[in-house]
Each structure stands twice: as structure tokens, then as C-alpha cells.
4 protein chains.
Amino acid sequence: MLNGTELKLFADANVLNAMTDKQVKILLAAIEVFAEKGYANASTKEIATKAGVSEGNIFSKFKNKRGLLNAIIEPVINSIFPAVLTEFKTDQLPLQFVTLHAFVDSLVRDRIQFLKDNAAVLKIFVSEVLYNETVRKELLTKFPPLYWHNINKNLNQLKDNHLIVNWENLEILKIIWSVVGGVIIGYLLFNQPLEQREITHIIDALVKSLAR
Amino acid sequence: MLNGTELKLFADANVLNAMTDKQVKILLAAIEVFAEKGYANASTKEIATKAGVSEGNIFSKFKNKRGLLNAIIEPVINSIFPAVLTEFKTDQLPLQFVTLHAFVDSLVRDRIQFLKDNAAVLKIFVSEVLYNETVRKELLTKFPPLYWHNINKNLNQLKDNHLIVNWENLEILKIIWSVVGGVIIGYLLFNQPLEQREITHIIDALVKSLAR
Amino acid sequence: MLNGTELKLFADANVLNAMTDKQVKILLAAIEVFAEKGYANASTKEIATKAGVSEGNIFSKFKNKRGLLNAIIEPVINSIFPAVLTEFKTDQLPLQFVTLHAFVDSLVRDRIQFLKDNAAVLKIFVSEVLYNETVRKELLTKFPPLYWHNINKNLNQLKDNHLIVNWENLEILKIIWSVVGGVIIGYLLFNQPLEQREITHIIDALVKSLAR
Amino acid sequence: MLNGTELKLFADANVLNAMTDKQVKILLAAIEVFAEKGYANASTKEIATKAGVSEGNIFSKFKNKRGLLNAIIEPVINSIFPAVLTEFKTDQLPLQFVTLHAFVDSLVRDRIQFLKDNAAVLKIFVSEVLYNETVRKELLTKFPPLYWHNINKNLNQLKDNHLIVNWENLEILKIIWSVVGGVIIGYLLFNQPLEQREITHIIDALVKSLAR
DNA sequence: GATGAATGAGAGTTCATTCAT
DNA sequence: CATGAATGAACTCTCATTCAT
């Protein structure tokens, strides 16, 4: 399931710097095994074998099995909200998106790319969120107010310009997130391909559905 | 997480008939525990305790812990495609939906009701599908050709009447299913409420996105 | 493995009289299952099913699983020493065997017939004796002094007449019993056939080996 | 029941090399417990306790309770046919036994010694063969053609020299094996002592019974 | 009596974790 | 540090036995 780009997530999060070669090997092996069998059904022995490392090694590097999972999940939590909308000191900046299409496109396209780049890790993440209240709460903790602020600003401006339906902003976002969520599930569960043409379709559909 | 309507699914599937009171208690307790902790982390002992029953009892009716899971999942697989579109001997009948809105509404609304009625069971089902190739394949096996046939017929007629975009039928369905899938995930992961107003919004948005 | 004559053992032991039809059915089913899988691996459920009887029935008829085994083994213990040598009030009677051949023949032939008639039961008995001190001791308890007395008398007379080797009587008997034991094991383990011709061979060989 | 020489069988089979001290202890404890209670009635917990080892340890080397049994039985299967008759490249060699007595003596004496050296293991083996078709078949698989070839050659030469009865070779062997089998059973079931004097008697008797 | 659902002790087995080497 | 043998708690599952019906 690993496609070679998984590590990017960890590189971006600057977690690789602090890791030895062995730690990285263990991390990658764990991603592979967790994604294939699920966390609970993966044995540290199998991970160690796949990483070409002794079992004890896992525990000196990651404290315990849960620590290994956390090392995988943490970067996801920190990257799940797109940087594109969180990196501005917004008030001083001009609004970013002047058309609905540009807005939706920027919200959807890079998240779908993120999905494709990190499918295995996201699969692990999704099933963890399903059953782990703690992770769920941490996710909300990490929810960036800046993200929310920025989005609201854009949505309000689109509304002012009569470019978008006049629903509540949260309502609008739920629609968008639902579509992205649905695409993720379709991809993870049924390996539904995500060609550029289809992504464009999805974005077009969303734009149409939200246009005034 | 159980909301009292879970049993309907099993009653409809006629699986309750062959069960004693205690076995029904086991089934309900299992749904609750599986949905709370996940299948792999649920112990038969906890299920038995919650059901107020001895542990051995689980195995006399359900054979396995796995058998207990199957007893929960099977009815989902058999009910996941809406009856509304599969119960006609189609060729003799007039087409059902004359407007795009009626079509989308019928596809989406009862599936979302199904979700609300069976959230715990669906959560169990979703995480099972994530990791279980067999279940995934069984799902495809149970895919009712009649469902596909009916949908195509309706879509084609909508196209003939210029009421829907001229994309491939499969493409159109993917959009609809993605939205429904996203709603399911949002509901299961974050307990996002699903008021009638929101459901109406979702349907409206979908109709707009697919209208010619 | 049952060959239809198994019941003779029980009929001879007068245990069938006191049994209901169901008890007999259970007994026969138990013999079959015990002989196939061994006592420890046989489940009362399988026995009940094979007997066409409810499981609880076994326990009202035989107290417990062990009681069922005892009901099978007891008649063997009581029949394992041949009646032919134990039923005489010997002192008043003339000695029975005037030739070595007649003596050996009478000792061996009917025991081998006994084996053939009761193979399943004997198999159960043998593995029980292997591991059960109690049964082993009971066997010695039931050892009929009359049997020993009679044999000694015959052996002594054969010695007086210079018809048999001049070993100790116990030594001679061990040889005979060893051969019979070996035949039993060969039959039980490897289904070695026991035609009349072979039985004759064995007896002839024994006679030759013991002749003066 | 262990007499201290049991390990020789395993040392010869080179199975001890790959074992730690604890695993050897497990093997010995298992032999003891299996021989005392039978495989099915022996619990891994008791074996572990007797070996002074944690229960889990059994499963890391032997995989299964069954694997533990196999580790005990396998060397028996491979040693049950005497090396003395299988180690020659026969065709180039002169025949081995020129008298019937030498032939019988070589067949019987070392097998009885083998029995005395490995009584516990053989007891386990015998009861396994009683109920396990697979082991029975494996035994036949391991039957060394060289053994059979060698024996036939010797028997034929003895016949040519008029030193043995003119029965079929298989028939002759059955007699010998029966006696050995009977001795084994007597020893295992009733702890009948096997002094050299008695072994000599048995061999003498066999020789007499087979002499022309 | 007859039934078989229910029981629960105890079985074999797994596996994260420790720690002597 | 690195190893993997050893641990033992916790797991799933079996089955003789009981007992309400």
C-alpha cells in the first residue's frame, strides 16, 4: 500500500530529522502492517521482521506499540488542515479567492492530493479516529482558528458578491467536507481511482451546488 | 450508542426468530461493545458481562467471536442497497422518478435515515470493510443488478428529458455516493447532527450540482 | 469399527438386561466414538447425536462421562480371562489338556476370537489400561485364582510328561501372553488381518517354541 | 517413568542442538506428563510448571501443544526400525547372518533394549498410533525399503540353507514382530521386568518356533 | 422423563513487554 | 546498544454437567 511518498508527511513534520535509520525502517514497516491488518491485529514481531530489526528495538525507539502508532498519527493530525489556508497573518492580507471555483478548488484539490500521497497513513488515522476519543479530541484541539477565520472571511466575501448560496457558513463547509470525506472513503475502501478528470468533476459539481 | 432501533435491521432480516432472549441480549451487547472499542479490542468476556450472560453462551449460538461479528454485519450487507430501487419487476413497471429532485431525494434520504437508525452497526461495518477483503468482496457479490438496472433506466430517462448533466451514469452515481459516504463518516466520526434541514440542504446541493 | 458382535460381550455380562433401549443406543454410540477418537477427545454431544438422544439423557443414564466409560470397560475386565479355564471346580475334574498343542490352542484361539469380536471395546480398554492405574489394579483384583491354579496344574502335568520346556510356569505364560498381546496390537494398530491360517501358524509356532 | 536415557533418542536425532536449556526442560517435562496422563489429559500448564518455565515458552519453540507431541514422536518414528539392518549398501556386502539364532537375536535384542531405554516415549507413541491415522501413515512412509530388502535376503538365505521354516517371509516377520510387540505392551502396561534371562528365553523360543 | 439452553472452570494460545546476555 | 528468549496476563473457545421447562 505504501507508494513511496508516505515519508513526505513525516519529512514535512520534521520528525525524520530526529530519527535514526532504524527508527525510520520501523516506522515504515509499521505503517505498512497497520494499514494492512489494522493496529490491533498487527504484531510487533511482524513489524520488527518487516523492518529487519529485532523486536526489542521497537521498544527502545518508541517506548511501546501505542507510541509507534502515535508517531504515525501525530503528523496527520498536524497536517490534516491545509496549510494553504492557515499560513497567512490574514488581516493584513488581501482575501485570497475571488471566485467560488477558485475557493472550492483550493479546498478540495490539495486535500485529495494529500489523500493520494498518504493513503496508508490516512487509513490508519481514520480507523483510529473511529474508536479513539482521545485522538478525536486532539484533532479538535489542533483545529486552527486561523483556518476557520480565513474560511469565514472568504465565504462572507463570496456571499457579499452573490457568488455563493446564502446558507450558514458551517452548513456550506459541511457539504464540502462531506464530499471530500466521501471521496476519501471511496478511495480507501474500494480503491476507486482518482484521475484528474474525476477530481475536476467533483469540484465542478460542488461549485454548481453552491453557486447562487 | 444504541438508539433502540438497531434491532429493526435484524428483525427485518429474520435473524431474531431463531434466537433465545439471551442470544438477543448478546447481539445487542456485542453491537454496543464493538461500536465502542472496535471488534479487535472487544473481549467476549466484556460482551457476556454486558449481556448478563455466561461467556460460553456466546459460542453456542454464534460459534465464534467472528461469527458474532458476521451476525451483525450480514444484515447490513443485505440492506445497504435500498429496497426502494430493487423491489420492482422493473420491465413491466413505469419508470419511477420523473424529476431529478425526486430521484436524488429517494436515493439519499432513506439511506441517511438508514444511517441514523443503524449508526452503531454501520460503524462496525465500516471498520470491518476497511480491513477485510472478504467482506469487501461479499459486498460486491450482493450488489443487486436490479438496483443498477433501475438506476440506469432512471438516469437515462432523466438525460432524455434534459434534466441531468450528460456525464456517464457511473460518474453521476459516484458523486451521489461520495456525498452520502461523507455524511456517514461525518456522523460516525464526529457525531455531526443530521437535522431534516441539513438533509434537505444536502439533497438540494446535489440536485443543483447534477442539473443540466 | 463396530462389527455387530460387540454387544455379545455385554449380553454375556448380563448388563443389557438392566438397560433401556436408549441406554443401549448410547452405549453403542459411545463405543464407536471412543474407539475412533479416544475417550478424552470424544464429546458427550457427539455421542448423544450419534445415539439419536439428547445430551442430558447420557447423564441421567450413566451419571457422568466416566460412568459411561466404566460401563464399557467393566465387562472387558470380567471377560478377559477365558471362561474355558475358570469354570471348573477343578480339583474334582480330570485335567483337561493332554497335549501341548491342545493346551496352547485353547489358550490362544478363543482369545483371538474374543479380540476379533470386540476390537473396538478392546481398543478403548487398552488405552485406558495404559494410563489408568485404577483400572490396572482392578484387572489384577479380578484375576481369577482358579485360572492360575488350573493353568499351573496343566503346565505341571505337561512337564511331568516331558511335553513342554522346563522353564518356570510364569515364564512360559509370559511367552504365550506376549504373542497374544502382540497379535492384539498388530490388529488394533495396523488392522493386520487374522485369517484362520495365520492363527494356526501362530499356534504352531508357539507349540514348537515351547516343546521339550 | 523417565530413566535418564530418554534424551539419547533426541540427541541422536539432533533436535537438542537448536534448543535452549529451558526448551529441553520442557521436552523432558512433556515426556513425563504425557506418559503419565496421556497427551489429551496433560495440560500445558502442568508441563510448564514441571519444567519450571512459563507456559508461553512452550509455544515459542514448539508452536503448539501438538508440536510438542510431534517433537517427541518424530524421533521415535525415525528410530523404530533398527539401524543395524538399514545401514548397508546391501548388494555389495556379504549376507550378515549365517544362523537363525544370530538373525533373530539381532532383530529382537536391540529393539528390546530400545524399548527399555525409551519406555516413556514409546508409551506416548503407542497411544498416539492407536488413534492417529496420520502418524500411522507416516510410520509406513518411513518404513525403510532397505530394511525390508535386507531382511528378505537374510530370510531367503536361511531358507536356502534349510535353517528356517518354509513360510512366507512376511508371515515369519509377523511372528517375530508380534512377540516383540507383546513384550512392549507387557512392559508398558504392567511394568513386567525384562531381565537378560527372560530376553534370552524369548529369543530361544522364537528360534525354536521358526527352526526347520 | 426428556430436552437442550445455559453455565463456568479450565484449556490452549497470543503477544506486548522486559531484561540478561 | 542490540538481541530474542522468556514472561504471564489476557484472550478465545470447549465441554461435561446442571436444571428450568
Side-chain angles (χ1 to χ4, degrees), chain A residues 20 22 39-49 52-69, chain B residues 18-23 25-26 39-49 51-69, chain C residues 20 22-23 26 39-49 52-69, chain D residues 18-23 25-26 39-49 51-69:
Chain A
T20 64
K22 278 198 180 176
Y39 172 73
N41 286 316
S43 79
T44 50
K45 185 167 198 177
E46 182 178 0
I47 293 169
T49 304
V53 150
S54 85
E55 209 178 346
N57 232 314
I58 292 179
F59 295 89
S60 48
K61 307 289 186 203
F62 291 95
K63 187 182 175 197
N64 54 25
K65 191 186 173 190
R66 178 75 218 180
L68 184 49
L69 180 63
Chain B
M19 287 189 188
T20 65
D21 274 9
K22 297 213 170 184
Q23 284 160 349
K25 278 183 192 157
I26 290 171
Y39 172 72
N41 283 316
S43 81
T44 49
K45 186 170 202 168
E46 182 178 358
I47 294 169
T49 303
V53 149
S54 88
E55 210 177 345
N57 210 336
I58 293 179
F59 298 92
S60 57
K61 176 65 192 180
F62 298 99
K63 189 182 176 198
N64 266 352
K65 188 189 173 188
R66 177 76 220 178
L68 183 50
L69 180 63
Chain C
T20 64
K22 278 199 181 177
Q23 266 175 303
I26 292 171
Y39 173 71
N41 286 316
S43 80
T44 50
K45 185 168 197 175
E46 182 177 359
I47 293 169
T49 304
V53 150
S54 85
E55 210 178 344
N57 231 316
I58 291 179
F59 295 89
S60 49
K61 307 289 185 203
F62 290 96
K63 187 184 176 195
N64 55 23
K65 192 186 172 189
R66 178 76 217 178
L68 184 49
L69 180 62
Chain D
M19 285 190 189
T20 65
D21 274 10
K22 297 213 170 184
Q23 284 160 349
K25 277 183 196 158
I26 291 170
Y39 172 72
N41 283 315
S43 82
T44 50
K45 186 168 201 170
E46 181 178 0
I47 293 169
T49 303
V53 149
S54 88
E55 212 177 344
N57 210 335
I58 293 179
F59 298 91
S60 57
K61 175 66 193 178
F62 298 99
K63 191 183 175 201
N64 265 351
K65 187 188 174 190
R66 178 75 218 180
L68 183 50
L69 180 63

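Proteins get letters first, then strands, A, B, ... in listed order; numbering begins at 1 in each.
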Contact pattern, 5' to 3', of nucleotides 13-21 of chain E - B, S or - by protein heavy atom under 4.0 Å: BB-BBB---
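Interatomic distance, CD1 of Ile58(D) versus CG of Asn64(D), reported as 11.0 Å (0.5 Å rounding).
Following rounding to the nearest Å, Glu46(D) (CD) and dA11(E) (P) show an atom-to-atom distance of 9 Å. dT14(F) atom C1' lies 18 Å from atom CZ of Phe62(B), rounded to whole Å. In this entry the distance linking NZ of Lys61(A) with C1' of dA2(F) reads 9 Å, nearest Å. Between the CG atom of Leu68(B) and the P atom of dT12(F) there is a distance of 11 Å, rounded to whole Å. Atom CD1 in Ile58(C) sits about 16 Å away from atom C1' in dG1(E), given to the nearest Å.
Side-chain proximity of Gln23(D) to dA6(F), dA6(E), dT3(F): nearest is dA6(F).
Of the possible polar contacts, none joining the Lys61(B) side chain to the Lys22(B) backbone as a donor-acceptor pair under 3.5 Å is found. A donor-acceptor distance shorter than 3.5 angstrom exists from the side chain of Lys65(B) to the backbone of Tyr39(B), with no hydrogens or angles considered.
Figure legend. dA20(E) is base-paired to dT3(F); pairs are counted as Watson-Crick or G-U wobble with both atom distances under 3.5 Å. Pair assignment for dG8(E): dC15(F), on the basis of Watson-Crick or G-U wobble contacts that are both within less than 3.5 Å.
Both Ser54(D) and Val53(A) lie close to DNA chain F; mapped to their nearest nucleotides by heavy-atom distance, the more 5′-ward contact belongs to Val53(A).
Ile47(B) is listed as a side-chain neighbour of Leu68(B), based on a closest heavy-atom distance under 4.5 Å. Two residues are said to be in side-chain contact when any heavy atoms from C-beta on lie closer than 4.5 Å; Glu46(C) and Thr49(C) fail this criterion.
For dG4(E), the OP1/OP2 oxygens have no side-chain nitrogen or oxygen of Ser60(B) closer than 4.0 Å.
Between Phe59(C) and Thr44(C), the shortest heavy-atom contact is CZ-CG2, 3.8 Å.
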